[in-house]
There are 2 protein chains.
Amino acid sequence: MMSSFEVFFDYMQKLSGKTLSEDDKQLLMTHFKPKKLRKRQYFLQAGDVCKYIEFIVKGSARTFTVDEKGHENILKLSVENWWLADFESFYLLTPSRFHIEALEDLEVLQSTNAQIEEYLKAIPAFSAMVNVINQNNAIATQKRMQAAINYTAEERYEELMSTYPHFLQRFPQNMVASYLGLSPETLSRIRKNALK
Amino acid sequence: MMSSFEVFFDYMQKLSGKTLSEDDKQLLMTHFKPKKLRKRQYFLQAGDVCKYIEFIVKGSARTFTVDEKGHENILKLSVENWWLADFESFYLLTPSRFHIEALEDLEVLQSTNAQIEEYLKAIPAFSAMVNVINQNNAIATQKRMQAAINYTAEERYEELMSTYPHFLQRFPQNMVASYLGLSPETLSRIRKNALK
DNA sequence: ACCCCAACTTGATTTATATCAAGCCTACTT
DNA sequence: AAGTAGGCTTGATATAAATCAAGTTGGGGT
């Protein structure tokens, strides 16, 4: 069984293609705080400033809004080896419009913006990792953006099935529907049709 | 009248909060190539690999796909001080699914991925600039993503009016409609209603 | 073991938006 | 100056997806 930090170091070295020295690791361990959350616990409430960013070691979470009608809209579903934050609030220190909630028991490593800045300067593997993440992000959001604007419900579903097939096993169908911007009924019908 | 490079240096220093040395400037000028394109000219054709990234000094462009029915879907409208590329193709060197076309006469500074990597290492202001861009990007795409999934046509229009009000003066209405993921007729009707 | 709630399905109806179609205006082209 | 094409509007109709409304199922808590 790997510790949270072992998982994190492993991830960082693989993604960045660089090695972490013992000093690097010590530095990371002094400021990244391991946290555990139970299913249903909230990381962030709408209205609060998102002061922390978390690396997910184990478990999953959702980022969502609640509109005037009490409708929940899921913007993001996050799993292992992803980063968790409302970036708008995190970078600008404005009150968040989002809630972030654990969907499964969650183990994370938590840091602050100021500490991230320090790591960027001090640890080459860290800043290389961030560059790769930003690249991946640019690619992924460009794709999802196009899907959201131009694709039909069915095409968005197919796209999700090919990109993150495990999402549908792992999360309740109504949450996946919300993530796709669909009503639960519509997703149910699409899946029924897709069985052929 | 500022030269392309003056505009670029100015932008980079403002955004990064750092100063460019004369050496930095020389280095940037040796590898960023000034290019001019006339209205309607293509930067990138779907099927080609996007080998270059461009900083827009003057003018505008659109990034779009053409679907089976010959329908054009605009993913991005880009103006001065923005960067232009299909990032998926640019980073992964895969054939692009997009066309990129000048909407107005265009002046850009062009570079390659390999040179960008060099600049990131060699020029502190450059890498600080990229960090700020990535932050802004994360914020903007998070917003636009939520709008695309959760908002009605009218709300998306209002959002655009408050974020980029000049888009509607600058671009033909049918292109703005496509950018919003709407038919030209729907946008026309929304605007009519919004006049009250 | 039972109950109960939450998740999912299925059908009927409504609503938002696309599509089809026609006409109008304005700016180029010749 | 007339002709024409592209962009915009407006109206009628079609369609995708939401909403409303039951009914079914399955798993967790007591």
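Here is how names work: the chains are called A, B, and so on, in the same order as the sequence lines, proteins then strands, and each is numbered from 1. Values in this document were obtained by computation on a predicted structure and should not be read as measured data.
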What one-letter contact string describes nucleotides 6-14 of chain D from 5' to 3', where B marks a base within less than 4.0 Å of any protein heavy atom, S marks contact via sugar-phosphate atoms alone, and - marks no contact? --SSBBB--
Sequence-aligned protein contact record of nucleotides 22-30 of chain D, with B where the base is within under 4.0 Å of a protein heavy atom and S where only the sugar-phosphate is: ---------
Under the 3.5 angstrom rule, does the side chain of B:Asn134 hit a backbone N or O of B:Val130 as a donor-acceptor pair?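 Here the side-chain-to-backbone pair exists.
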In residues 144-168 of chain B, which residues come under 4.0 Å of DNA chain C by heavy atom? B:Thr152, B:Ala153
Mind checking ring-ring contact (aromatic ring centres under 6.0 Å, His included) for [X] and listing every partner two or more places apart, or none if nothing turns up?
X       : result
A:Phe32 : A:Phe8, A:Tyr119
B:Tyr42 : B:His99
B:Phe43 : none
A:Phe5  : A:Phe9

Show the nearest heavy-atom pair for residues [X] and [Y], with the distance to one decimal.
X        : Y        : value
A:Ala125 : A:Lys18  : CB-CB, 3.9 Å
A:Asp24  : A:Ala122 : OD1-O, 4.4 Å
A:Lys51  : A:Phe90  : O-CE1, 3.7 Å

Taking atom P of D:dA17 as reference, at what distance in whole Å does atom CG of A:Asn193 sit?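 Nearest whole value for this atom pair: 11 Å.
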In whole angstroms, how far is the P atom of D:dA16 from the CG atom of A:Leu180?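 After rounding, the gap between these two atoms is 18 Å.
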Between B:Lys143 and A:Glu88, does any side-chain N to carboxylate O distance fall below 4.0 Å? yes
Under 4.5 Å between side-chain heavy atoms, chaining through other members, with only Ile, Leu, Val, Met, Phe, Trp and Tyr counted: pull out the rest of the cluster around B:Val49, sorted by chain and number.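 Members alongside B:Val49: B:Leu93.
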How far does the helix from C:dA1-D:dT30 to C:dT30-D:dA1 bend, going by the axes of its first and last five pairs, to the nearest 10°? 40°
Please list, chain by chain and in numerical order, all residues satisfying side chain to side chain donor-acceptor pair (under 3.5 Å) with B:Glu155, sequence neighbours excluded. B:Thr152
What pairs with B:Glu104 under salt bridge (charged side-chain N to carboxylate O under 4.0 Å, His left out), at least two apart in sequence or on another chain? B:Arg170
Show me the side-chain donor-acceptor pairs of residues 178-187 of chain A shorter than 3.5 Å, one per line, residues at least two apart or across chains.
| unit_1 | atom_1 | unit_2 | atom_2 | d |
| --- | --- | --- | --- | --- |
| A:Ser178 | OG | A:Glu72 | O | 3.4 |
| A:Ser178 | OG | A:Ile74 | N | 2.8 |
| A:Ser183 | OG | A:Thr186 | N | 3.2 |
| A:Ser183 | OG | A:Thr186 | OG1 | 2.9 |

